[in-house]
Chemist: 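Dumping the structure here so I can ask a few things about it.
We name chains A, B, ... by the order of the sequence lines, and we start the count at 1 in each one.
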Amino acid sequence: MIQKLIALPFEKALQAIGVQEHVQLNFEIPKVSSHGDLSVNIAMVLAKKLGKSPRIIAQEILDNLTFEPNIISSVEIAGAGFINLKYGPGFYIHALSKILLLGETFGKSDEGTGKKVNVEYVSANPTGLLHIGHGRNTAIGDTVANLLTWTGHEVVREYYFNNAGNQMNNLALSVYARYRQAAGDVDYAFPEDGYHGSYIRQIADELVIQYGNSLGENSKENLEICKLAGEKWCFAAIMKTLQKMNVHQDVFFNEDSLYHDGKVQRVIDDLRAAKLAYDQDGAVWIALSKLDEKLTDRVIVKSSGEPTYRLPDIAYHRDKLERGFDQIVDIFGADHIATIPDVMAGVQALGLDSSKIKVLIYQFVTLTENGEQVKMSKRTGNSYTLDDLIDELGADVVRFFFIMRGVNTHLEFDLALAREQGDRNPVFYLQYAHARITSIFTNAAENGISNTGSVDFSLLNHPAEYNLIKTLLRFPEQIKKSAQNLEPQILVEYLREVASCFHVFYHECPIMKAENELRSARLSLLKITKITLRNGLSILGVSAPDKM
RNA sequence: GCGCCCGUAGCUCAGCUGGAUAGAGCAACAGCCUUCUAAGCUGUGGGCCACAAGUUCGAAUCUUGUCGGGCGUACCA
């Protein structure tokens, strides 16, 4: 809209003053409303190129700039050479009418139409329950997937299921030890770095019920039984937690399939063929230093014959790329930072375009309560699980808290604050706005008032109304920004602003008591606000309650 | 040692693809319900944007260095 109505006249004016090449027009919304509704810094950008002062250039542009007065009511030069515009009533009428037509689709864009994107998140090993860190991963991943969907991408939500490798053996040994103990061998030694959580005992108890004492030896077969039982139990528990969090993924990709399908072997073969893998000390190495001098060679198959994590990771990313995605997004915790360049280089070495892979790193979560840190020890098994958190706080609060800070900053999750059902809790601020609006519509319906007829938006000229309208108009652009930066928090901050503008409007402008025409216009504005909040909250995966 | 992230109000954090007077929530204090949900609104106080140089018309934002905190740095994942 800005494009059609405002950018075009600018481009014409630039041509008129002899600027031939294309220059990027940056429209921004000034922080201070006295600087207008829209500000352009083009004169400053051109100052050096044209060898004139910004204010003179601005004046020249202005002399060649014509707008329909109904759309732009005033144009001014200010400060060092900013060109400030003010919207006219026609602009608002045009924009608001359009949003009403869009309704449930307001905010959607076609940026990503035709692009297939894979978003991989959660991807917790099936060796235990989801903890707080997984919670942040999950909330970020699901919201990013929603954002990409809203910007037109075709999104596949994927869970990489690490059911191979060392940690699974560890799980098997842990379950087996608890099984022996439960089956009567009370002093059976528990592996030193085994999984200490109480859930392991549950799995073992179920094995006792099923097999009695018959799993005697820690033979390969018996450990396999323990492993499968553990995997199955953990997967079921994880799925239950994800459901509670309203997360539903499309693809569960099993790591072990990479071995069964020969995809891991194919990576080794291809790397060898390209002279990028070699044998040394009984292990197979990948020659990363040949790909990038900043990297060092790494082992991909240990001398024991077991692959290291890098190898299946490379095979997995190759598989994703070969499935034809235009973009691949991985959501990883900060502890994975070091491995990313290796995997990227490996993918590149296989002749694939690793720039399609975007890795979103989130920093760690600290759980606090009244300023004191709550310990989350995995070893002792006394960790605060994600499940506990959802049961205590509800999915809305949990999801919101995990995305309300920038992905790249350490997140302090304040349990005491999250527990509050009152005005200190930031989730309710947004939801309350939605509930208040619904309540007004209920009230209107009870009084037989509907606003189905034609609406005269030009009646809305209270400052609180202007602020709300201007904020609402930014919704699609904010979703795009949030999606492009893979940063849910941008949308969170924006919605908070919408809610804030609404609450002020609600306070300043009576709706039901206004005269018919004005009431009708205000009800329509409320409708748009409600649509925006509801659409925005749905992207965050947070409910928009009608009553609170 | 090396790599990545962070350092902004008392606390938790926005702003960081350079722009005009650095913002919000909470906490503190003072107001607003005979009126559509007070889970709301209004006002006050609170800052060497960690520190130091550099880049330019202009720096919280970009570059370099220093200090402080976090996470990594395996034939663990």
Side-chain angles (χ1 to χ4, degrees), chain A residues 24 26 28 30-32 34-35 39 41 44-45 47-48 53-54 78-82 84 125 127 162 165-168 170 193 280-285 294 296 298-310 312-313 333-341 361-364 366 368 371 404-414 417 420-433 435-444 446-447 464 481 484-485 489-490 492-494 496-497 499-500 502-514 519 522-523 526 547-548:
Chain A
Q24 182 67 38
N26 286 318
E28 53 181 83
K31 279 180 230 163
V32 192
S34 63
H35 293 141
S39 176
N41 68 347
M44 280 118 109
V45 175
K48 195 165 250 182
S53 91
F82 294 99
N84 295 338
N125 298 339
T127 55
N162 278 121
N166 223 352
Q167 74 282 6
M168 293 306 288
N170 196 357
D193 50 359
Q280 188 182 304
D281 307 327
V284 182
W285 295 67
K294 277 179 279 185
T296 51
R298 302 285 183 181
V299 169
I300 51 173
V301 183
K302 299 187 239 178
S303 51
S304 64
E306 288 178 344
T308 65
Y309 67 92
R310 278 170 241 265
D313 266 15
D335 51 340
H336 286 263
I337 281 180
T339 83
I340 294 160
I361 298 283
Y362 61 92
Q363 299 299 317
F364 276 41
T366 337
T368 62
M404 73 180 184
R405 303 293 178 226
V407 166
N408 222 349
T409 68
H410 299 267
L411 168 66
E412 183 166 323
F413 196 118
D414 186 338
L417 175 62
E420 290 214 26
Q421 295 289 308
D423 55 353
R424 277 164 39 100
N425 194 322
V427 188
F428 295 113
Y429 188 72
L430 299 186
Q431 294 186 317
Y432 182 55
R436 262 185 155 177
I437 296 172
T438 309
S439 164
I440 293 170
F441 281 113
T442 309
N443 189 308
E446 279 166 3
N447 289 292
K481 192 176 169 196
Q484 269 163 15
N485 294 311
Q489 197 220 18
I490 291 174
V492 172
E493 283 299 318
Y494 167 75
R496 206 200 299 263
E497 225 180 300
S500 167
F502 159 72
H503 286 306
V504 173
F505 161 72
Y506 178 90
H507 190 257
E508 305 264 327
C509 305
I511 294 137
M512 298 306 290
K513 293 216 164 129
R519 181 180 64 204
R522 285 182 173 164
L523 280 170
L526 277 185
K547 260 186 197 165
M548 284 178 77

Chemist: Determine whether any donor atom in the side chain of N84(A) lies under 3.5 Å from an acceptor atom in the base of A20(B), or the reverse, and answer yes or no.
Modeler: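 It does, because a donor-acceptor pair links the side chain of N84(A) to the base of A20(B) below 3.5 Å.
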Chemist: Say you pick atom P in A14(B) and the same atom in A52(B); how far apart are they, in whole Å?
Modeler: 24 Å
Chemist: Quick one: is A14(B) close enough that its OP1 or OP2 comes under 4.0 Å of any side-chain N or O from Q489(A)?
Modeler: yes
Chemist: Determine, for Y506(A) and R436(A), whether the Lys NZ or Arg CZ falls below 6.0 Å from the six-membered ring centre while staying within 45 degrees of the axis.
Modeler: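 Yes, a cation-pi geometry holds between R436(A) and Y506(A).
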Chemist: Under the 3.5 angstrom rule, does the side chain of N125(A) hit a backbone N or O of T127(A) as a donor-acceptor pair?
Modeler: no
Chemist: Partner of C16(B) by Watson-Crick or G-U wobble geometry, both contacts under 3.5 Å, or none?
Modeler: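 Base-paired to nothing in any strand shown.
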Chemist: Let me spell it out: for each of Y506(A) and R496(A), pick the nucleotide of RNA chain B with the closest heavy atom. Which residue's pick is nearer the 5' end?
Modeler: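 Upstream on the strand: R496(A).
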Chemist: Rounded to whole Å, how long is the line connecting atom CG of N425(A) with atom P of A27(B)?
Modeler: 12 Å
Chemist: What nucleic acid atoms does A338(A) come within less than 4.0 Å of, heavy atoms only: base, sugar-phosphate, or nothing?
Modeler: sugar-phosphate
Chemist: How would you label the contact of Q431(A) with the nucleic acid (heavy atoms, under 4.0 Å): base, sugar-phosphate, or nothing?
Modeler: nothing
Chemist: Heavy atoms only, 4.0 Å cut-off, all strands: where does K547(A) land among base, sugar-phosphate and nothing?
Modeler: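 K547(A): base contact, heavy atoms under 4.0 Å.
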Chemist: Is a donor on one side and an acceptor on the other found under 3.5 Å between the side chain of D414(A) and the backbone of L417(A)?
Modeler: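 Yes, because the side chain of D414(A) sits within donor-acceptor range (under 3.5 Å) of the backbone of L417(A).
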Chemist: Of the options G72(B), C13(B), A39(B), whose atoms approach the side-chain atoms of E412(A) most closely?
Modeler: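 Between G72(B), C13(B), A39(B), the one nearest the side chain of E412(A) would be C13(B).
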Chemist: Say we look at A59(B) and A20(B): how far apart would their C1' atoms be, to the nearest angstrom?
Modeler: 14 Å
Chemist: Looking at the base of C75(B), is there any donor atom on it, or on the side chain of T308(A), that sits under 3.5 Å from an acceptor on the other one?
Modeler: no
Chemist: When the distance from CZ of F364(A) to C1' of U12(B) is rounded to whole Å, what number comes out?
Modeler: 20 Å
Chemist: Touch check for T409(A), heavy atoms < 4.0 angstrom, all strands: base, sugar-phosphate only, or nothing?
Modeler: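 Contact class for T409(A): sugar-phosphate only.
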Chemist: To the nearest angstrom, how far is R436(A) atom CZ from A38(B) atom C1'?
Modeler: 7 Å
Chemist: Heavy atoms only, 4.0 Å cut-off, all strands: where does M404(A) land among base, sugar-phosphate and nothing?
Modeler: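 Nothing, no nucleic acid heavy atom in range.
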Chemist: Is any side-chain heavy atom of I511(A) closer than 4.5 Å to a side-chain heavy atom of L526(A)?
Modeler: yes
Chemist: Please give the distance between the C1' atoms of A60(B) and C51(B) as a whole number of Å.
Modeler: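 After rounding to an integer number of Å, I get 14 Å for this pair.
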Chemist: Hey, does Y429(A) reach any base, or is it just sugar-phosphate, or nothing, if we go heavy atoms under 4.0 Å?
Modeler: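 Sugar-phosphate, no base atom in range.
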Chemist: Can you tell me how far P in C5(B) sits from the matching atom in C62(B), rounded to whole Å?
Modeler: 11 Å
Chemist: Would you mind telling me which of U12(B), C75(B), G72(B) lies closest to the side-chain atoms of R405(A)?
Modeler: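 Side chain of R405(A) sits closest to U12(B).
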Chemist: Base, sugar-phosphate alone, or nothing: which one does D281(A) contact when heavy atoms must sit under 4.0 Å apart?
Modeler: base
Chemist: Answer yes or no: is there a side-chain heavy-atom contact under 4.5 Å between L411(A) and R405(A)?
Modeler: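 The answer is yes; the side chains approach within 4.5 Å.
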Chemist: Could you identify the nucleotide paired to A9(B), looking across every strand shown and requiring Watson-Crick or G-U wobble geometry with both distances under 3.5 Å?
Modeler: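 No nucleotide pairs with A9(B).
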Chemist: Rounding to an integer number of Å, can you tell me how far H410(A) NE2 sits from C4(B) C1'?
Modeler: 10 Å
Chemist: So what does G282(A) touch, heavy atoms closer than 4.0 Å: a base, only the sugar-phosphate, or nothing?
Modeler: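 The residue G282(A) makes no contact with any strand.
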Chemist: Is the closest side-chain donor-acceptor distance between N447(A) and N443(A) under 3.5 Å?
Modeler: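 Result is yes, a qualifying pair exists.
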Chemist: For atom P, what is the distance between C48(B) and U8(B), given to the nearest Å?
Modeler: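 The same atom, P, in both gives a distance of 12 Å.
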Chemist: Between CZ of R519(A) and CD1 of I440(A), what distance do you get to the nearest 0.5 Å?
Modeler: 12.5 Å
Chemist: How would you label the contact of I440(A) with the nucleic acid (heavy atoms, under 4.0 Å): base, sugar-phosphate, or nothing?
Modeler: sugar-phosphate
Chemist: For H35(A), report the nucleic acid contact type (base, sugar-phosphate, nothing); a contact means any heavy atom under 4.0 Å.
Modeler: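 The residue H35(A) makes base contact.
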Chemist: Looking for any heavy atom pair under 4.0 Å, which part of the strands does S439(A) touch: base, sugar-phosphate only, or nothing?
Modeler: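 S439(A): base contact, heavy atoms under 4.0 Å.
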Chemist: Contact class for S53(A) (heavy atom, under 4.0 Å): base, sugar-phosphate, or nothing?
Modeler: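 No contact.
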Chemist: Which nucleotide, in any strand shown, forms a Watson-Crick or G-U wobble pair with G47(B), with both distances under 3.5 Å?
Modeler: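 Partner of G47(B): none.
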Chemist: What integer distance in Å separates H507(A):NE2 from C32(B):P?
Modeler: 11 Å
Chemist: Between G19(B) and C71(B), how far is it from one C1' atom to the other, in whole Å?
Modeler: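 To the nearest whole Å, 35 Å.
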Chemist: In whole angstrom, what separates H336(A)'s NE2 from C5(B)'s C1'?
Modeler: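 These atoms are roughly 16 Å apart.
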Chemist: Flag the pair R496(A) / Y429(A) as yes when at least one side-chain heavy-atom distance between them is below 4.5 Å, and no otherwise.
Modeler: yes
Chemist: Measuring from the side chain of I337(A) (C-beta onward, heavy atoms only), which nucleotide among C4(B), C5(B), C75(B) has the closest atom?
Modeler: C4(B)
Chemist: For F82(A) and G58(B), give me the distance from atom CZ to atom P, rounded to whole Å.
Modeler: 14 Å
Chemist: Under the criterion side-chain contact (heavy atoms from CB on, under 4.5 Å), I'd like the reasoning laid out for Q363(A) against T409(A): C-alpha separation, chi angles, the key distance, then a yes or no.
Modeler: CA-CA 6 Å; Q363(A) 299 299 317; T409(A) 68; 5.7 Å; no
Chemist: C41(B) P sits how many Å from I511(A) CD1, rounded?
Modeler: 14 Å
Chemist: Indicate syn or anti for C33(B), taking the glycosidic torsion and treating anything within 90° of 0 as syn.
Modeler: syn
Chemist: Partner of G72(B) by Watson-Crick or G-U wobble geometry, both contacts under 3.5 Å, or none?
Modeler: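 Checking every strand shown, G72(B) finds its partner in C2(B), with both distances under 3.5 Å.
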Chemist: What's the gap between G23(B) and A9(B) when it is taken at their C1' atoms, as a whole Å value?
Modeler: 10 Å
Chemist: Among A39(B), A77(B), G19(B), which nucleotide has an atom closest to any side-chain atom of F428(A)?
Modeler: A39(B)
Chemist: State whether K302(A) places a side-chain N or O below 4.0 Å from either non-bridging phosphate oxygen (OP1 or OP2) of C76(B).
Modeler: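 So the side-chain polar atoms of K302(A) do come within 4.0 Å of the phosphate oxygens OP1 or OP2 of C76(B), strictly under.
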Chemist: How far, in whole Å, is U42(B) from C6(B) if one measures between their P atoms?
Modeler: 33 Å
